[in-house]
Every structure is written in C-alpha cells, then in structure tokens.
Amino acid sequence: MTSPGINPLQIAIAGGSIGGLTAGILLHELGHDVHVYERSTSALEGRGAGIVVLPMTERYFTERGSALGEGRAGAADVALTLTYWTYVDQSGAIVDAAPTHNRFTSWNTLYRALLEVLPTDRYHLSHGVAGCAPTPEGVTISFEYGESRGCDLLVAADGIASTVRSIVSPHTTTDYAGYVAWRGTVLESDLEPSTAAIFEDAMVYQVLDNAHILAYAIPGPGDSITPGERALNFVWYRNAPGSEFEELMVDQNGVRRPATMPPGLAQDRFVAALRQDAERLLAPQLRELVLACQEPFIQAIFDMAADRFMHGRIALIGDAATALRPHVAAGTAKACADGWALRDHLATGDDLDGALADWERQQLDLAQTVAAKSRRMGERAQFESTMIPGDPAWRFGLFGPGD
C-alpha cells in the first residue's frame with residue numbers, strides 16, 4: 001500500500017547485496033514499484049565472512065522485526081553481542097579489555113534475513129546492469145543480456161566496481177591502499193577449549209609492527225549464536241607493496257583477481273608465508289585460529305570516493321558511492337544509511353529532483369567524514385605503527401563511536 005502523499009515511482013536498483021536489498025525493501029514499503037537487479041546467477045554468498053553490526057546495519061530488524069510475523073528475523077536473530085574489546089600481546093596475555101558491547105554477524109546471515117523480507121518477484125538474479133542513460137522522463141537501463149527498460153529512478157548499489165558510477169562521477173579513481181586483509185573462518189568447536197575461551201565474550205585484537213589482526217565470533221552453521229556452535233572470523237591486515245600485490249592477486253590458475261581472492265585459490269606460497277608469520281608473530285590463541293583455517297581468502301583495501309552521488313535521476317549508494325577502509329567497520333552501515341536517507345527524502349513529497357539533491361548533500365558529507373577517519377586509522381596501523389592497544393579513539397562507528 002502506498003504511503004499517504006507518495007506519488008508511486010518505478011525504481012530500479014542495480015545490485016542486490018545488503019545495501020541494495022535494504023534500499024529496495026524500504027522503498028517498496030514506502031509504496032514505490034521497486035525491482036532489484038542482481039548480476040549473480042544465484043543467491044549471493046559472503047564466503048562466510050563476518051561483519052560488525054552497527055545500529056544502522058540492523059535498524060530494519062530493530063524497528064520492524066517484531067512486526068514481520070512468526071518465523072521472520074528480528075534484531076536478536078541476525079547478530080550476536082560480545083561484551084569486551086580485548087587486546088592481547090604476543091604471549092597471549094590480555095593487555096586491555098573494555099566493555100564495548102559490539103555486535104557481530106556473518107554476511108550470509110544478514111543477507112538471507114533481508115532477502116526473506118523483499119517479495120520474491122521483486123528480486124531478479126542474472127540481471128547485471130551494463131549501462132544506463134538519463135532521459136527527460138527518468139533513466140533507461142540496459143542489461144548484460146541485451147534487454148533495456150525505463151524507470152523513474154535508478155539506484156546504483158553495484159559495489160566498488162560499479163558500472164553506473166562512470167555516468168554519475170566519471171573522473172572517480174579507485175586507489176590501492178597498500179595493504180590487504182587476509183580473512184578466514186573456523187568453527188569454534190574445531191579449536192582447543194582453552195583457545196576458544198578467549199573468544200567466548202570478546203573481540204580480540206593484536207597490534208603488530210605495521211600490521212594488526214582481530215578476531216570475533218559470528219553465527220555458525222544454521223545461523224546459530226550459541227557458544228560452541230558459532231564460527232570465529234579473523235581479519236589480518238598485511239602490507240603488500242605494489243609489485244608484491246600484483247603477484248599476490250594472481251590465483252592458482254594464473255587468473256588475475258582485481259579485488260578479492262576467493263577461498264582455496266590463493267597461491268600455496270602465499271598461504272605458506274601467512275602460516276609461517278602466524279607461527280612467528282601471533283599470540284597463541286590467534287595463531288591457532290589462523291592455522292586452523294584451511295582456505296583463507298584475501299580482500300584488497302582500496303580508497304574510492306565519488307565527488308557526486310547523483311546525476312539526473314541516477315543515485316549511487318554504498319560502495320558504489322564511497323568505499324571505506326574497514327577499520328571503522330562502517331561500510332555496511334553506510335550502505336544501509338544511504339538507503340534509509342533516500343527513503344526519508346523521497347517520503348517528503350512529489351519533488352523528486354529536490355529530494356535527491358537534498359539527499360546527496362547529506363550523504364556526501366557523511367561519506368567524506370567517515371572515509372577520512374577510516375583512512376587515517378589505516379595509515380596509523382599499517383604504516384606509522386602508532387595504533388595503541390586500548391585507544392578509545394579506535395572504536396567502530398558511522399556517525400560516532402558505537403553509532
């Protein structure tokens with residue numbers, strides 16, 4: 001049912017990940033004719049990776065979960081809370097522990113919960129958006145398989161490699177930050193009980209020279225958040241200068257991977273080096289976690305910030321607009337915030353162009369502020385070695401610490 005005062009629009013969303021799904025759900029519930037187009041041929045998977053859940057990330061489930069009906073996820077179902085933010089030294093001794101009560105989930109858990117909310121006839125797999133063109137009436141979009149269609153508004157949530165961004169912000173560059181995140185997950189039950197104990201109610205960090213690693217629990221098989229049934233996710237930020245990076249991102253089959261090296265495809269020599277460094281550098285608990293991971297994968301870290309988020313009736317959200325370094329743990333939250341803000345501005349009335357302009361000013365300011373903070377944190381940790389265990393300035397947040 002259309003909300004009072006809303007003139008229904010035909011809205012296309014390019015990209016069906018968490019940001020695109022959130023925007024799609026909110027605009028659909030506002031009363032617009034929304035279709036989400038995803039390039040993948042099957043439901044997406046995040047390779048089991050964990051994410052930090054900020055309030056904006058789970059806002060939909062916090063506000064709407066109880067009203068979704070029996071069997072639908074609420075906030076308690078999509079994430080788990082860990083009391084402490086703990087730092088350990090190389091011996092494994094705790095050097096700082098603060099009760100921050102951060103929340104965590106797996107990418108897959110959150111994606112599946114959102115996908116269950118959007119009507120199935122509004123989510124279209126195998127529909128990669130290949131291009132778009134503004135028209136006097138709105139936007140014409142073309143798909144990779146050749147078909148075209150028109151819409152009143154195109155929302156591009158197609159990630160850091162967005163095909164739409166070249167229309168909106170053609171001079172935007174994507175710059176490698178000089179380091180990568182080695183990631184992996186291990187079942188809690190696969191670790192020694194004495195090792196798993198430190199992760200039971202804490203996110204654990206270790207600060208290294210020009211590097212750092214963190215690990216935390218996420219939902220396990222069946223999205224279980226019961227201790228002993230969960231998974232543990234680690235993220236180890238490691239510097240890789242340009243030539244080393246180029247070699248690192250060539251997989252076992254000789255294929256160059258521009259941004260992500262999937263599990264099982266990293267060259268054996270690089271995995272061996274990771275494990276040797278784990279033996280040499282890491283606290284015992286983190287060392288066991290990394291060594292237990294059979295197929296670690298790699299995510300390259302980039303800086304990318306479009307200088308504008310809209311052109312005509314085309315809007316960029318999430319990583320298509322600004323890719324944040326992960327250290328504020330706000331990338332997913334920002335994508336969701338873009339969708340909520342778009343929903344709020346479109347709910348104000350019939351002036352679509354004015355609403356989009358107001359939305360752009362607001363979200364550009366937010367993105368620029370948080371991107372600058374995330375870059376500074378990365379430089380401190382990876383190149384200046386000025387990251388200090390227990391530093392209260394090193395906290396997750398989109399708008400501020402904890403938010």
Side-chain angles (χ1 to χ4, degrees), residues 47-52 82 84-98 100 102 104 106 177-188 190-192 195-218 230-240 244-245 248 260-261 263 266 270-301 325-329 331 374 377-391 394-396:
R47 302 182 178 91
I51 58 174
V52 178
L82 298 175
Y84 295 102
W85 183 314
T86 295
Y87 288 85
V88 295
D89 62 18
Q90 190 173 3
S91 74
I94 295 174
V95 295
D96 188 83
T100 55
N102 286 119
F104 305 88
S106 73
Y179 57 101
V180 303
W182 279 86
R183 307 196 60 168
T185 57
V186 175
L187 292 180
E188 206 171 19
D190 288 342
L191 298 180
E192 291 294 327
T195 297
I198 197 170
F199 303 109
E200 182 174 349
D201 196 25
M203 173 182 62
V204 179
Y205 263 76
Q206 183 183 349
V207 178
L208 306 162
D209 289 336
N210 296 313
H212 65 294
I213 183 172
L214 65 152
Y216 50 84
I218 60 174
R230 306 173 302 183
L232 294 172
N233 173 83
F234 72 82
V235 189
W236 188 355
Y237 295 101
R238 293 165 60 86
N239 292 352
E244 181 181 329
F245 174 68
L248 183 66
T260 302
M261 179 66 66
F270 294 124
V271 176
L274 179 81
R275 290 174 174 156
Q276 289 169 3
D277 284 348
E279 291 274 16
R280 185 170 59 91
L281 300 171
L282 296 187
Q285 305 94 326
L286 292 165
R287 178 171 65 238
E288 183 179 339
L289 177 57
V290 172
L291 294 179
C293 180
Q294 298 300 308
E295 296 186 335
F297 66 98
I298 305 167
Q299 291 181 334
I301 309 301
R325 298 195 196 184
H327 313 299
V328 287
S374 70
M377 291 169 75
E379 295 301 303
R380 285 183 56 199
Q382 298 302 123
F383 303 110
E384 299 173 7
S385 283
T386 57
M387 181 181 179
I388 301 171
D391 183 356
W394 196 285
R395 292 287 187 264
F396 301 145

- Can you tell me how far CG of N239 sits from CD of E244, rounded to the nearest 0.5 angstrom? 8.5 Å
- Message: Show me the pairs that pass side-chain hydrogen bond (donor to acceptor under 3.5 Å, both in side chains) and involve residues 284-295, at least two apart or across chains.
- Response: T195-E288
- Item | Results of ring-ring contact (aromatic ring centres under 6.0 Å, His included) for F396 - residues two or more places apart only | W85
- Message: If we count only N and O atoms by modelled type, under 3.5 Å, do the side chains of Y216 and N233 hold a donor and an acceptor together?
- Response: yes
- Task: Could you list the residues that satisfy side-chain hydrogen bond (donor to acceptor under 3.5 Å, both in side chains) with D201, not counting sequence neighbours?
- Result: T83
- Listed partners of E192 passing salt bridge (Lys or Arg N to Asp or Glu O under 4.0 Å), at least two apart: none
- Note on the structure: By side-chain hydrogen bond (donor to acceptor under 3.5 Å, both in side chains), E379 pairs with (sequence neighbours left out) R325
- Any side-chain heavy atom of V290 sitting closer than 4.5 Å to one from I213? yes
- Considering all heavy atoms of both residues, which atom of P296 and which atom of F234 are nearest to each other, and what is their separation? CB-CZ, 4.5 Å
- Pairs satisfying salt bridge (charged side-chain N to carboxylate O under 4.0 Å, His left out), at least one member in residues 382-391, at least two apart: R376-E384, R380-D391
- What pair of heavy atoms forms the shortest contact from Y87 to G390, and how long is it? CE1-N, 3.0 Å
- Mind checking side-chain contact (heavy atoms from CB on, under 4.5 Å) for A211 and listing every partner two or more places apart, or none if nothing turns up? L208, W236, Q382
- Task: Determine yes or no for a side-chain-to-main-chain donor-acceptor pair under 3.5 angstrom, with S374 supplying the side chain and P326 the backbone.
- Result: no
- Can you list the steps and then say if W182 with V271 is a side-chain contact (heavy atoms from CB on, under 4.5 Å)? CA-CA 10 Å; W182 279 86; V271 176; 4.3 Å; yes
- Atom pair CZ (F297) and CE (M261), whose distance is rounded to the nearest 0.5 Å: 12.0 Å
- Among all residues two or more places apart in sequence or in another chain, which pass the ring-ring contact (aromatic ring centres under 6.0 Å, His included) test with Y237? H212, H327
- Message: So, taking the atom named CG in L282 and the one named CD in Q90, what distance separates them when rounded to the nearest 0.5 Å?
- Response: 8.0 Å
- Taking all non-hydrogen atoms of both residues, which atom of Q206 and which atom of V88 are closest, and how far apart? CG-O, 3.6 Å
- Message: Using the ring-ring contact (aromatic ring centres under 6.0 Å, His included) criterion, which residues pair with F270? Sequence neighbours excluded.
- Response: none
- With sequence neighbours left out, what residues match R238 under salt bridge (Lys or Arg N to Asp or Glu O under 4.0 Å)? D277
- Note on the structure: When every non-hydrogen atom of L191 is compared with those of A292, the smallest separation belongs to CD2-CB, 4.1 Å
- Message: Could you report the tightest heavy-atom contact between C293 and G184, atom names first, then the distance?
- Response: SG-CA, 3.8 Å
- To the nearest 0.5 Å, atom CD1 of I198 lies from atom CG of L289 at 11.0 Å
- Message: Nearest 0.5 angstrom please: Q276 CD to L281 CG, how far?
- Response: 11.0 Å
- CG of L232 to CE of M203: how many Å apart, nearest 0.5 Å? 13.5 Å
- Task: Under the side-chain contact (heavy atoms from CB on, under 4.5 Å) rule, what do T86 and F199 come out as? Steps first, then yes or no, please.
- Result: CA-CA 9 Å; T86 295; F199 303 109; over 6 Å; no
- Task: Looking only at non-hydrogen atoms, find the nearest pair between A217 and L82 and report the distance.
- Result: N-CD1, 3.8 Å
- Message: Going by salt bridge (Lys or Arg N to Asp or Glu O under 4.0 Å), name the residues that satisfy it together with R230, two or more places apart in sequence or in a different chain.
- Response: E188
- Message: Run the side-chain hydrogen bond (donor to acceptor under 3.5 Å, both in side chains) test against D89 and tell me which residues pass, sequence neighbours left out.
- Response: S91
